[in-house]
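Order of the sequence lines sets the chain letters (A, B, ...), proteins ahead of strands, with each chain counted from 1.
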Amino acid sequence: MPRTTFEISTTRRCELVDVTSKVQDAVRAAGLKSGLVVVYCPHTTAAITINENADPDVRTDLLMALERAVPNEGFRHSEGNSDAHTKTSLVGPSVTAIVEDGQTQLGTWQSIFFCEFDGPRRRKVWVQTVGA
Amino acid sequence: MPRTTFEISTTRRCELVDVTSKVQDAVRAAGLKSGLVVVYCPHTTAAITINENADPDVRTDLLMALERAVPNEGFRHSEGNSDAHTKTSLVGPSVTAIVEDGQTQLGTWQSIFFCEFDGPRRRKVWVQTVGA
Amino acid sequence: MPRTTFEISTTRRCELVDVTSKVQDAVRAAGLKSGLVVVYCPHTTAAITINENADPDVRTDLLMALERAVPNEGFRHSEGNSDAHTKTSLVGPSVTAIVEDGQTQLGTWQSIFFCEFDGPRRRKVWVQTVGA
């Protein structure tokens, strides 16, 4: 069993959901003062990223850019979601952030996002910490 | 010297090779019960990802989508493999997975893949563990 | 406060800056013998990658390939840098490398690069180590 699990519900096919405060809750619950936190997605059509949380247009543009780079056409996989599998490998299944003084260290404009590429679905996120 | 090294042979220019059981062997050999495992590719035209292992069409589609997003044309590098270098930075040189109870924790449909983008070649994979 | 911070100045809008020796300095300063080093970018229009450092054409080609995959057009975000935000999520906010014998373990042709996608700017890089 991974150290901490939380669940989220997505509401559209493609969507970025801010999970920063849930990650920080997990860091606090683990009692970690200094080390690393890994935020891991156990699904194959969803990913984790870190990006800007100020202007929601950034998230809209990011999803549009991914759709242009990976158009969902000409694929063989019968489930029709090969674009989602590809975006997952491009963005990546996890992020690793630094923890100091019991706090996840993020830049001024950074938040941690769950990236849904084949929703809406009920999804899980796993969080692991290492350090002291 | 990295903690554990294993080798694989790829047979095509682009190919996804399942290395999940070799990673689990390295976790067991390291005696790690709880922590993180990092699977690292020391090459610059190959990467590591986590994705679906049920329908092989997913891997075929993923490689095709990468080829469409990064067509190998108009480049300057004389070795003719700049597409492979680019795909490597997009997919990433490593994955980090959670270990609990001595087991690499993966979602139901997830496997760990070595991504060959300029084969066929003999390749190395490095595995490091941290935790208790 | 993250364990180690260093700063760099970028000189163009898009640029790959080799930070390998600065990362190794941070590993040495931390006194880490065996474990992991995480190189983390606290900005949302810049990323970290590992790739070839022998032929500078590889870096030129990589930046051109990213520009073709994510053309900066048709976006809504008023700052006009949604391409940079997207490239950041594709390449990723950090890399994790293995440390053994006090040395960052890299493949023969690998270096660690700061990826500027919206420069020129003054930028920070954070480095964290875990292990023994």
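- Within the 4.5 angstrom heavy-atom criterion, only side-chain atoms of Asp55(B), from C-beta onward, approach chain A.
- Proximity to chain B (any heavy atom under 4.5 Å) is shown, for Ser89(A), by both the backbone and the side chain.
- For a residue to count as touching a neighbouring chain, one of its non-hydrogen atoms must lie under 4.5 Å from one of that chain's; by this rule Phe75(A) touches chain B with backbone and side chain alike.
- With Glu116(A) as the fixed residue, the side-chain contact (heavy atoms from CB on, under 4.5 Å) test singles out one of Thr10(A), Thr11(A), Val17(A): Thr10(A).
- Side-chain N or O atoms of Ser82(A) include none that pairs as donor or acceptor with a backbone N or O of Val58(B) at under 3.5 Å.
- The candidate from His77(A), Glu79(A), Lys87(A), His43(A) with the greatest count of non-hydrogen atom pairs under 4.5 Å with chain B is His77(A).
- Using a cut-off of 4.0 Å between Lys/Arg side-chain N and Asp/Glu carboxylate O, Arg13(A) and Asp118(A) are scored as salt-bridged.
- Open room surrounds CZ on Arg76(B); 12 or fewer heavy atoms of other groups in view lie less than 6.0 Å from it.
- Between Glu100(B) and Arg3(A), at least one side-chain N (NZ, or NE/NH1/NH2) sits under 4.0 Å from a carboxylate O, which counts as a salt bridge.
- Of the residues considered (Ala69(B), Gly92(B), Ser34(B)), Ser34(B) shows the highest number of contacts with chain A, using heavy-atom pairs under 4.5 Å.
- When heavy atoms are compared at a cutoff of 4.5 Å, His85(A) approaches chain B by way of both its backbone and its side chain.
- Within the 4.5 angstrom heavy-atom criterion, atoms from both the backbone and the side chain of Thr96(B) approach chain A.
- Between chain A and the options Val130(B), Val70(B), Leu106(B), the largest number of non-hydrogen pairs under 4.5 Å is found for Leu106(B).
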Set out, in order, the CA-CA distance, both residues' side-chain angles and the distance that settles salt bridge (charged side-chain N to carboxylate O under 4.0 Å, His left out) for Asp25(B) and Arg28(B), then state yes or no.
CA-CA 5 Å; Asp25(B) 289 347; Arg28(B) 199 176 299 117; 3.3 Å; yes

